[in-house]
Amino acid sequence: MRAVVSTENPSSPIAALRRDLTVSVENARRELAEGLAAVRALVQAQQAGQSAEIKSSAAIGKDWEDSVALAVASWAQATGDCVEHVGSRPAPGSSSRKTGDVLVRIMSANQPVLIVEAKRRQRRPSMRAFRDELAEARRVRGAHAALAVVPTADDVPGPAGSSWARADTASWIVAAEDPQVLTLVLGVVRELTILAAASTGADPAVDVSRARKAIGHLLDLLARFDDVSKHVSTAEKAVTNIRGT
């Protein structure tokens with residue numbers, strides 16, 4: 001009987017039960033540790049996700065602003081205009097107003113100003129919101145025209161699929177996803193800026209009537225280019241579907 005109940009006897013049922021219990025406890029401890037590690041990893045992942053979400057919109061906007069400023073500066077190398085990144089500095093005569101991110105001073109007779117606003121938001125603003133904000137940017141920065149640059153065509157208010165839109169006679173919106181469209185719109189708005197300055201400042205170097213006709217032609221070409229781009233995109237999707245089929 002002593003041998004049967006002894007835990008020192010390897011063949012004892014008590015010893016076998018002790019071994020089984022020990023193994024069960026070790027398995028439970030290991031599973032618990034693995035479960036705790038998994039929970040800890042989930043908590044850390046959630047915290048990391050929250051930290052990414054908590055990253056201030058100002059920081060995200062700053063990254064986009066820098067990208068837009070670089071794109072505008074690259075474009076201005078061909079036009080010979082002066083580009084200044086002013087998004088972090090208050091406007092002249094104000095200690096807080098920072099509306100307007102990239103100031104383009106066009107190197108013509110009276111040096112008109114085009115102000116570029118880099119916009120990146122989770123929810124697309126309405127056309128009215130764009131119009132009001134760009135009008136404020138023109139006022140604050142003393143600009144003759146304003147252009148809002150957004151990431152994609154989905155961020156442009158108006159008809160779906162359009163890469164650009166005109167908020168009013170002096171304010172435009174364009175998507176940066178197609179560099180060619182961005183360059184074209186920058187070129188058109190640049191000419192409109194010169195025209196606006198000539199109309200208000202009576203610049204003798206600019207034939208206002210002739211300039212208006214030329215810009216009207218440019219606007220027509222830009223609209224046609226946008227239509228062609230939409231058709232090309234539709235055709236590419238159709239070809240992809242055909243290949244998939």
Side-chain angles (χ1 to χ4, degrees), residues 48-49 51-91 96-107 112-127 129-158 160-167 170-193 222 225-226 229-230 232-233:
S51 297
E53 291 178 0
I54 293 173
K55 182 181 180 182
S56 68
S57 58
I60 297 173
K62 183 64 170 60
D63 292 341
W64 177 242
E65 181 182 317
D66 291 342
S67 299
V68 171
L70 181 61
V72 174
S74 299
W75 163 78
Q77 288 180 352
T79 62
D81 297 325
C82 179
V83 174
E84 189 178 2
H85 192 172
V86 298
S88 60
R89 302 202 307 270
S96 59
R97 295 296 297 165
K98 297 181 180 180
T99 304
D101 299 317
V102 184
L103 189 146
V104 181
R105 192 171 300 280
I106 299 171
M107 293 294 102
V113 172
L114 163 63
I115 190 68
V116 179
E117 180 81 17
K119 302 303 296 181
R120 185 186 185 98
R121 291 180 178 171
Q122 292 183 345
R123 180 176 297 179
R124 181 183 68 185
S126 65
M127 181 65 81
F130 270 113
R131 186 182 302 115
D132 293 344
E133 189 162 359
L134 292 176
E136 177 69 1
R138 295 200 314 270
R139 186 189 67 80
V140 168
R141 297 295 178 179
H144 298 86
L147 174 67
V149 181
V150 296
T152 69
D154 292 336
D155 301 304
V156 178
S162 181
S163 299
W164 58 274
R166 196 172 186 180
S171 301
W172 289 59
I173 305 126
V174 64
E177 60 184 341
D178 188 337
Q180 191 172 7
V181 172
L182 176 60
T183 299
L184 286 172
V185 172
L186 276 167
V188 171
V189 178
R190 179 183 186 273
E191 300 307 314
L192 284 168
T193 305
L222 186 59
F225 180 85
D226 202 26
S229 298
K230 292 177 185 177
V232 169
S233 177

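For this chain, numbers begin at 1 and follow the sequence in order.
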Restricting to non-hydrogen atoms, name the atom on [X] and the atom on [Y] that form the minimum distance, rounded to 0.1 Å.
{"X": "Val113", "Y": "Leu103", "result": "CG1-CG, 3.6 Å"}
{"X": "Ser162", "Y": "Ala153", "result": "O-CB, 3.5 Å"}
{"X": "Pro157", "Y": "Ser126", "result": "CB-C, 4.4 Å"}
{"X": "Leu147", "Y": "Leu134", "result": "C-CD2, 4.1 Å"}
{"X": "Val150", "Y": "Trp64", "result": "C-CZ2, 3.5 Å"}
{"X": "Val86", "Y": "Gly100", "result": "CG2-O, 3.8 Å"}

- Message: Given 3.5 Å as the limit, does a donor-acceptor pair link the side chain of Asp101 with the main chain of Glu65, or not?
- Response: no
- Message: For Thr99, is there any backbone N or O sitting under 3.5 Å from a side-chain donor or acceptor partner on Arg141?
- Response: yes
- Task: Using the side-chain hydrogen bond (donor to acceptor under 3.5 Å, both in side chains) rule, collect all pairs that involve residues 115-124, keeping only residues at least two apart or in two chains.
- Result: Lys119-Glu133
- Message: Can you tell me which residue among Val156, Val185, Val181, Ile173 is in a side-chain contact (heavy atoms from CB on, under 4.5 Å) with Ser163?
- Response: Val181
- Sub-4.5 Å side-chain heavy-atom contact between Arg166 and Leu192: yes
- Query: Would you call Trp75 and Val104 a side-chain contact if the rule is heavy atoms closer than 4.5 Å?
  - Reply: yes
Could you measure the distance from the [atom1] atom of [X] to the [atom2] atom of [Y]? Nearest 0.5 Å is fine.
{"X": "Thr79", "Y": "Glu191", "atom1": "OG1", "atom2": "CD", "value": "9.5 Å"}
{"X": "Glu177", "Y": "Asp155", "atom1": "CD", "atom2": "CG", "value": "8.5 Å"}
{"X": "Asp63", "Y": "Ser67", "atom1": "CG", "atom2": "OG", "value": "7.0 Å"}
{"X": "Arg190", "Y": "Ile106", "atom1": "CZ", "atom2": "CD1", "value": "5.0 Å"}
{"X": "Ser171", "Y": "Glu136", "atom1": "OG", "atom2": "CD", "value": "11.5 Å"}

- Task: For Asp66, check side-chain contact (heavy atoms from CB on, under 4.5 Å) against everything at least two apart and list the hits.
- Result: Lys62, His85
